[in-house]
Amino acid sequence: MADRAEAVVADVVAAVDPSCGPSVVACAVERVFRQRPQRRELARLLESDPSLLTSGLPQVPRLVERLIRNLVEGGALSLVLPRCAACARQRPLTATSPEGRICGTCYNRSRTEDRRCVECGRRDFCGRDRQGRPRCRKHLPD
């Protein structure tokens with residue numbers, strides 16, 4: 001292993017999931033995280049809270065999610081991918097919402113619902129009124 005951060009990550013992952021050997025984790029870390037600051041941040045996160053690997057909560061940081069996803073694809077047995085805060089599916093969580101981190105599908109759905117005209121409900125979004133409510137071309141604000 002190249003540095004201390006990789007060793008810390010390998011030790012924490014091996015303690016949580018014995019099916020992941022140190023060499024498997026080291027390869028995953030090198031493949032997913034090219035820069036040392038990312039590796040150090042990942043090591044700090046996992047060292048402070050190893051339960052991030054198995055909680056499945058949408059609040060899991062993106063760095064940890066990327067590591068889990070790579071290791072699960074490689075055959076890890078005990079690691080749990082975080083679930084979307086809106087639909088509870090184990091998809092890549094690429095956006096945030098008031099509920100927490102969400103998948104791209106739920107983000108797109110929330111954006112289209114937010115763009116329905118307050119007067120008629122059409123999705124022909126044109127702009128917003130002074131209160132920030134969406135309006136269509138037919139019901140432009142005064």
Side-chain angles (χ1 to χ4, degrees), residues 1-17 19-20 22-142:
M1 295 199 201
D3 60 3
R4 181 187 176 287
E6 289 179 23
V8 168
V9 171
D11 291 343
V12 171
V13 171
V16 172
D17 189 352
S19 68
C20 294
S23 61
V24 172
V25 176
C27 288
V29 169
E30 287 176 19
R31 191 171 42 248
V32 176
F33 306 104
R34 302 252 185 232
Q35 299 173 351
R36 283 189 183 160
Q38 291 177 327
R39 294 176 187 179
R40 285 193 294 264
E41 178 65 14
L42 177 67
R44 186 189 65 73
L45 289 167
L46 292 179
E47 199 171 33
S48 66
D49 189 7
S51 68
L52 292 172
L53 295 169
T54 57
S55 69
L57 297 174
Q59 291 80 15
V60 169
R62 180 79 174 124
L63 288 173
V64 178
E65 178 192 355
R66 288 173 53 202
L67 176 67
I68 293 171
R69 188 165 302 285
N70 195 282
L71 290 172
V72 166
E73 289 171 0
L77 302 174
S78 301
L79 303 182
V80 178
L81 285 166
R83 296 182 175 278
C84 173
C87 67
R89 290 188 225 160
Q90 290 178 326
R91 293 180 166 174
L93 305 180
T94 57
T96 57
S97 75
E99 299 89 36
R101 293 182 56 229
I102 58 174
C103 66
T105 304
C106 291
Y107 174 75
N108 290 337
R109 187 176 299 124
S110 71
R111 294 297 298 155
T112 58
E113 289 171 1
D114 184 43
R115 293 175 162 235
R116 289 181 182 258
C117 177
V118 294
E119 295 293 326
C120 64
R122 291 177 44 199
R123 291 187 179 171
D124 184 23
F125 179 77
C126 184
R128 297 189 183 272
D129 60 15
R130 289 185 181 163
Q131 288 80 33
R133 300 175 302 181
R135 297 291 189 131
C136 70
R137 295 186 193 285
K138 192 174 180 183
H139 299 104
L140 291 174
D142 294 336

- Message: If you define the side chain from C-beta out and look only at heavy atoms, does anything of Glu119 sit under 4.5 Å from Lys138?
- Response: no

- Could you tell me whether a side-chain N or O of Arg66 sits under 3.5 Å from a main-chain N or O of Val32, the two making a donor and an acceptor? yes

- Query: Are the side chain of Glu65 and the backbone N or O of Leu93 linked by a donor-acceptor pair below 3.5 Å?
  - Reply: yes

- dist His139:NE2 -> Cys120:SG (nearest 0.5 Å) comes out at 5.0 Å

- Task: Apply side chain to side chain contact (heavy atoms under 4.5 Å, CB included) to the pair Val9 and Arg39, showing each step before the final yes or no.
- Result: CA-CA 8 Å; Val9 171; Arg39 294 176 187 179; over 6 Å; no

- Gln59 and Glu99 have their tightest heavy-atom pair at NE2-O, 4.2 Å

- Query: To the nearest 0.5 Å, how far apart are CZ in Arg4 and CZ in Arg36?
  - Reply: 14.0 Å

Could you give the side-chain donor-acceptor pairs of residues 70-79 under 3.5 Å, partners two or more places apart or in another chain?
unit_1 : atom_1 : unit_2 : atom_2 : d
Asn70  : OD1    : Arg31  : NH2    : 2.8

- Task: First locate atom CG of Leu140, then atom CZ of Arg128, and finally report the distance between them rounded to the nearest 0.5 Å.
- Result: 13.5 Å

- Item | Nearest-0.5 Å distance that lies between atom OG1 in Thr94 and atom CG in Asn108 | 8.0 Å

- Given Leu53, which of Asp17, Val80, Val60, Val12 fulfils the side-chain contact (heavy atoms from CB on, under 4.5 Å) condition? Val12

- Shortest non-hydrogen contact between Ile68 and Leu52, atoms and distance: CD1-O, 3.7 Å

Could you pull out every donor-acceptor pair under 3.5 Å between side chains of residues 84-91 and any protein atom, sequence neighbours left out?
unit_1 : atom_1 : unit_2 : atom_2 : d
Gln90  : NE2    : Leu81  : O      : 3.2
Arg91  : NH1    : Thr105 : OG1    : 2.9

- Item | Cys103 SG to Arg83 CZ distance, which is reported to the nearest 0.5 Å | 12.0 Å

- Stepwise side chain to side chain contact (heavy atoms under 4.5 Å, CB included) test for Arg137 and Arg122: CA-CA 10 Å; Arg137 295 186 193 285; Arg122 291 177 44 199; 5.9 Å; no

- Between Phe33 and Leu63, the two heavy atoms sitting closest are CZ-O, 3.2 Å

- Could you walk me through whether Leu67 and Val13 pass the side chain to side chain contact (heavy atoms under 4.5 Å, CB included) test, one step at a time? CA-CA 10 Å; Leu67 176 67; Val13 171; 4.1 Å; yes

- Is it the case that more than 12 heavy atoms not belonging to Phe125 sit under 6.0 Å from its CZ atom? yes

- Query: Any salt bridge between Arg44 and Glu47, counting N to O under 4.0 Å?
  - Reply: no

